Student: 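After the structure tokens below, expect a handful of questions from me.
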Amino acid sequence: MTNESNANSATPAATRSMDDIVALCRRRGFIWQSSEIYGGINGFWDYGPLGVELKRNLKEAWWHDIVRCPGKGPDGNLIDMVGVDCTIIMNPKVWEASGHVGGFNDPMVDCRACKSRFRADHLIASEFFAEDATNSDKRFLISGLGEPKEVLEANKKKLEKLSKGHTDFRNPFGWRSFAELNADGRAKFQCPECGESGTLTEPRQFNLMFETYTGAIRDEESKTYLRPETAQGIFTQFWNVVDTSRVKVPFGIAQVGKAFRNEVTPRNFTFRSREFEQMEIEFFIRPDQASEWYQYWRDSRYEWWKSIGLAGDNLQLREHEKEELAHYAKEGAGVCDIEYRFPFTAPGFGELEGVAHRADYDLKAHATACGKGDKLRYFDQERNERYFPHVIEPSAGADRGTLALLCEAYTPDSNRPSGVYMKFHPRLAPIKAAIFPLVNKDGMPEVAEKLYMKLRQKWNVQIDVKQNIGKRYARMDEAGTPYCFTIDSDTLNDQTVTVRHRDTLQQERIGLDKVAAFLSDKIGD
RNA sequence: GCGGGUGUAGCUCAGUGGUAGAGCGUCACGUUGCCAACGUGAAUGUCGUGAGUUCGAAUCUCAUCACCCGCUCCA
């Protein structure tokens, strides 16, 4: 990390306005609404020219540090890591085995009065008839949440009262779920929470997975899903990786790719999007070593986010409480989130990356579902035993990471013309440097272009010859460009240029032939 | 999904029933010679969208979409 990027502590989240950050993202071409000219679409965002560079830099830094140059593990050995790139659409059996189909597929019903939400198949009702001596019949609806027995018990007094003095008391149509009731029945249905009648909405599907159809025929047989996480691609190819890559436990498989979740409420700019990109590691270990590897990944992932510029009080590591753990993690070594204090979550935090001990839940589930079972256990040569490896999963959001970088970089500064600058870590900055001829004549543009052509072979740099130098500096401040090199009349005499530092506004002169070395030193190649 | 708010040029906003505007930014030319300087000129609008009321709608009504805030949801 350079001195500049760490010069003073991060801007407190509370003083940053999300509206201002969104406005800058739009104005400078970081992030736009998808399909904006048609009014946009809820939960989908596009990256513009600066945004795509920033997000690529984030993903490439991750891939470099995770796959190409991982560190040493808790056992003191270099970590073994390989990458994969799996498809978004997979055999739908994958999602049955993983528990995504079925578990999160139920129609839900909301109460308009008390805002409670229920699964429609848990809401049941039955119409009762009671005939009295004069053959006039009386009917009433008993409704509630749970099994018929529970509902009857809950409505015991009401039933006794209504059936009093009547004969031939019965419910001829039996119990029906809320979804099976007609409009009249739904209107009489009492909310189990607040007791109001007719306040429940129509049942609505909350399908977290996007569905599509593969092939020409659109029927149930051809129904497929857009993956809601990249992890399952890794799990299903685990055995191929083991057979072809000479890896042995402990080792990791990494993947960067799009995932899709049909969120009920996309919110907070790109934070909760329906289409988003994940950077996931599944790290396979011996079951008895889960604890030390969990701690290793928890700590190293936290340090990594610090290393790319999220170093201040706005980043925190939070261990999950037992109650909030997912079904597969209840007995595990732990689950934690690495969280960032976004302006819209402040003073709270929002998740950037989750590190979870998933045990052997996924590998076992796929081994069972595909019918091969224990034959798919991993063979540990050294220990001469077979087992399903446990998994530590560090799963990060590329879009959330990009958003955190944007929020962290946003630095109001009334002392400079732009009023704000983006203090990106140089490694992540979309544009590494700008090259300016002080004026667009007297041989300066030619020198500038020559320097530009040389530097762009290695870094994303820009040349700008238009307008006065102040405007060009101001534009680069909003783009977050850490260095500007200016060619002036002295350059033509002594072969030096000025370097203007984004964060301090200081200038220094260095040799024209030293510029590339300067950038290598500050940014890396 | 519920409740509240917002929506006019790239940005910030003015415009309360009668010709769609300003500042900034952008672009061109000139000038300038290190921090959005100066001069001249130019481009830029489905007034979020669609209906309705009206002789006439950015303006009033309804619906809808998007964004923001609060609930809810987030395996």
Side-chain angles (χ1 to χ4, degrees), chain A residues 17-20 22-29 32-45 48 95 98-106 108-118 199-209 228-229 231 261-269 271-274 276 324-329 335 337 343-344 350-351 354 356 358 361 413 415-421 436-442 444 466-478 484-491 497-502 505-509:
Chain A
S17 156
M18 199 60 209
D19 286 346
D20 291 343
V22 172
L24 183 137
C25 284
R26 170 173 170 64
R27 184 169 76 240
R28 297 263 70 127
W32 299 310
Q33 250 191 301
S34 169
S35 340
E36 190 183 285
I37 62 167
Y38 289 105
I41 176 168
N42 195 349
F44 297 87
W45 301 90
W95 307 111
S98 69
H100 288 81
V101 177
F104 315 105
N105 227 358
D106 307 298
M108 303 296 281
V109 169
D110 290 319
C111 173
R112 294 189 188 89
C114 68
K115 313 298 181 199
S116 305
R117 175 167 291 170
F118 311 96
T199 57
L200 298 178
T201 60
E202 293 294 296
R204 284 181 291 250
Q205 287 283 343
F206 284 86
N207 269 338
L208 238 27
M209 280 197 292
E229 62 176 24
R261 294 182 196 178
N262 208 352
E263 298 286 356
V264 177
T265 313
R267 204 44 89 78
N268 291 328
F269 202 28
F271 184 78
R272 180 169 297 135
S273 300
R274 289 180 166 141
F276 57 99
E324 61 180 310
L325 293 184
H327 52 100
Y328 52 74
V335 177
D337 286 342
F344 49 80
E351 181 185 350
R358 291 178 74 128
Y361 177 90
D413 180 359
N415 292 322
R416 63 178 78 202
S418 55
V420 63
Y421 68 108
F436 301 148
L438 185 59
V439 289
N440 195 16
K441 60 181 181 184
D442 300 340
M444 295 180 206
K466 300 287 176 68
Q467 299 179 312
N468 71 60
I469 193 79
K471 286 193 183 189
R472 287 179 272 169
Y473 284 148
R475 273 198 291 267
M476 286 302 153
D477 277 346
E478 285 202 332
C484 296
F485 302 107
T486 300
I487 284 86
D488 58 17
S489 51
D490 289 344
T491 308
V497 298
T498 61
V499 185
R500 184 260 196 184
H501 294 256
R502 175 194 66 198
L505 304 178
Q506 297 296 306
Q507 293 188 14
E508 59 177 314
R509 284 201 90 85

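These numbers come from a predicted model, not from an experiment. Because only heavy atoms are used, hydrogens play no part in the values below, and waters and symmetry mates are left out as well, while side chains stay in. We name chains A, B, ... by the order of the sequence lines, and we start the count at 1 in each one.
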Student: Look at A:Gln467 and B:U26 and indicate whether a side-chain polar atom (N or O) is within less than 4.0 Å of OP1 or OP2.
Tutor: yes
Student: Run the salt-bridge test on A:Glu229 and A:Arg358 with the 4.0 Å N-O cut-off and return the result as yes or no.
Tutor: yes
Student: B:C68 and B:U16: how far apart are their C1' atoms, nearest whole angstrom?
Tutor: 25 Å
Student: Could you state the CD-C1' distance from A:Gln33 to B:U6, rounded to the nearest angstrom?
Tutor: 14 Å
Student: Taking the same atom, C1', in B:C2 and in B:G18, what whole-Å distance lies between them?
Tutor: 41 Å
Student: Would you please indicate if the ring centroids of A:Phe269 and A:Trp45 are separated by under 6.0 Å?
Tutor: yes
Student: Does a side-chain N-to-carboxylate-O contact under 4.0 Å join A:Glu351 and A:Arg272?
Tutor: no
Student: Who is the Watson-Crick or G-U wobble partner of B:G10, with both distances under 3.5 Å?
Tutor: B:C24
Student: Of A:Ile41 and A:Glu229, whose nearest nucleotide on RNA chain B comes first from the 5' end?
Tutor: A:Ile41
Student: Only pairs with both distances under 3.5 Å count, Watson-Crick or wobble alike; so what is the partner of B:A58 in this structure?
Tutor: none
Student: What pairs with A:Asp413 under side-chain hydrogen bond (donor to acceptor under 3.5 Å, both in side chains), at least two apart in sequence or on another chain?
Tutor: A:Arg416
Student: Taking pairing as Watson-Crick or G-U wobble with both contacts under 3.5 Å, can you name the mate of B:G70, or confirm there isn't one?
Tutor: B:C2
Student: State plainly whether the residues A:Arg500 and A:Glu508 are in salt-bridge range, i.e. N to O under 4.0 Å.
Tutor: no
Student: Are A:Phe271 and A:Phe344 an aromatic pair by the rule of ring centers under 6.0 Å?
Tutor: yes
Student: Name the pairing partner of B:A36, where a pair is Watson-Crick or G-U wobble with both distances under 3.5 Å, or state none.
Tutor: none
Student: Who does B:U44 pair with, Watson-Crick or G-U, both distances under 3.5 Å?
Tutor: none
Student: Charged N to carboxylate O below 4.0 Å: is that the case for A:Arg274 and A:Glu263?
Tutor: no
Student: Using a strict 4.0 Å threshold on nitrogen-to-oxygen distance, state whether A:Asp488 and A:Arg509 make a salt bridge.
Tutor: yes
Student: To the nearest angstrom, how far is A:Glu263 atom CD from B:G1 atom P?
Tutor: 14 Å
Student: To the nearest Å, give me how far apart CZ (A:Arg267) and C1' (B:C2) are.
Tutor: 11 Å
Student: Between A:Tyr473 and A:Thr486, is any side-chain donor less than 3.5 angstrom from a side-chain acceptor?
Tutor: yes
Student: Quick check on B:A28: is either OP1 or OP2 less than 4.0 Å from any side-chain nitrogen or oxygen of A:Lys466?
Tutor: yes
Student: If we take the P atom in both B:U6 and B:A63, what is their distance in whole Å?
Tutor: 16 Å
Student: Whole Å only: how far is the CG atom of A:Leu24 from the C1' atom of B:C11?
Tutor: 11 Å
Student: Taking atom P in both B:U49 and B:U59, what distance in whole Å separates the two?
Tutor: 10 Å
Student: Taking only the C1' atom of each, what is the distance from B:A43 to B:G48 in whole angstrom?
Tutor: 23 Å
Student: Which part of the nucleic acid, if any, lies within contact of A:Phe269, taking any heavy atom under 4.0 Å across all strands shown: a base, the sugar-phosphate backbone alone, or nothing?
Tutor: sugar-phosphate
Student: Mind checking if A:Gly354 touches a base, just sugar-phosphate, or nothing, with heavy atoms under 4.0 Å?
Tutor: nothing
Student: How would nucleotides 32-48 of chain B be written as a contact map, 5' to 3', with B for base contact, S for sugar-phosphate-only contact and - for no contact, using protein heavy atoms under 4.0 Å?
Tutor: -BBBBB--------B--
Student: Take atom CH2 of A:Trp32 and atom C1' of B:C67, then tell me their distance rounded to the nearest Å.
Tutor: 18 Å
Student: Quote, to the nearest angstrom, the C1' distance that separates B:A58 from B:G17.
Tutor: 10 Å
Student: For nucleotides B:C24 and B:G33, find the distance between their P atoms and express it as a whole number of Å.
Tutor: 23 Å
Student: Using the C1' atom as the reference point in each nucleotide, state the distance between B:U44 and B:A51 in Å, no decimals.
Tutor: 29 Å
Student: In whole angstrom, what separates A:Asp20's CG from B:C68's P?
Tutor: 14 Å
Student: Over how many whole Å does the gap from A:Arg272 atom CZ to B:G70 atom C1' extend?
Tutor: 14 Å
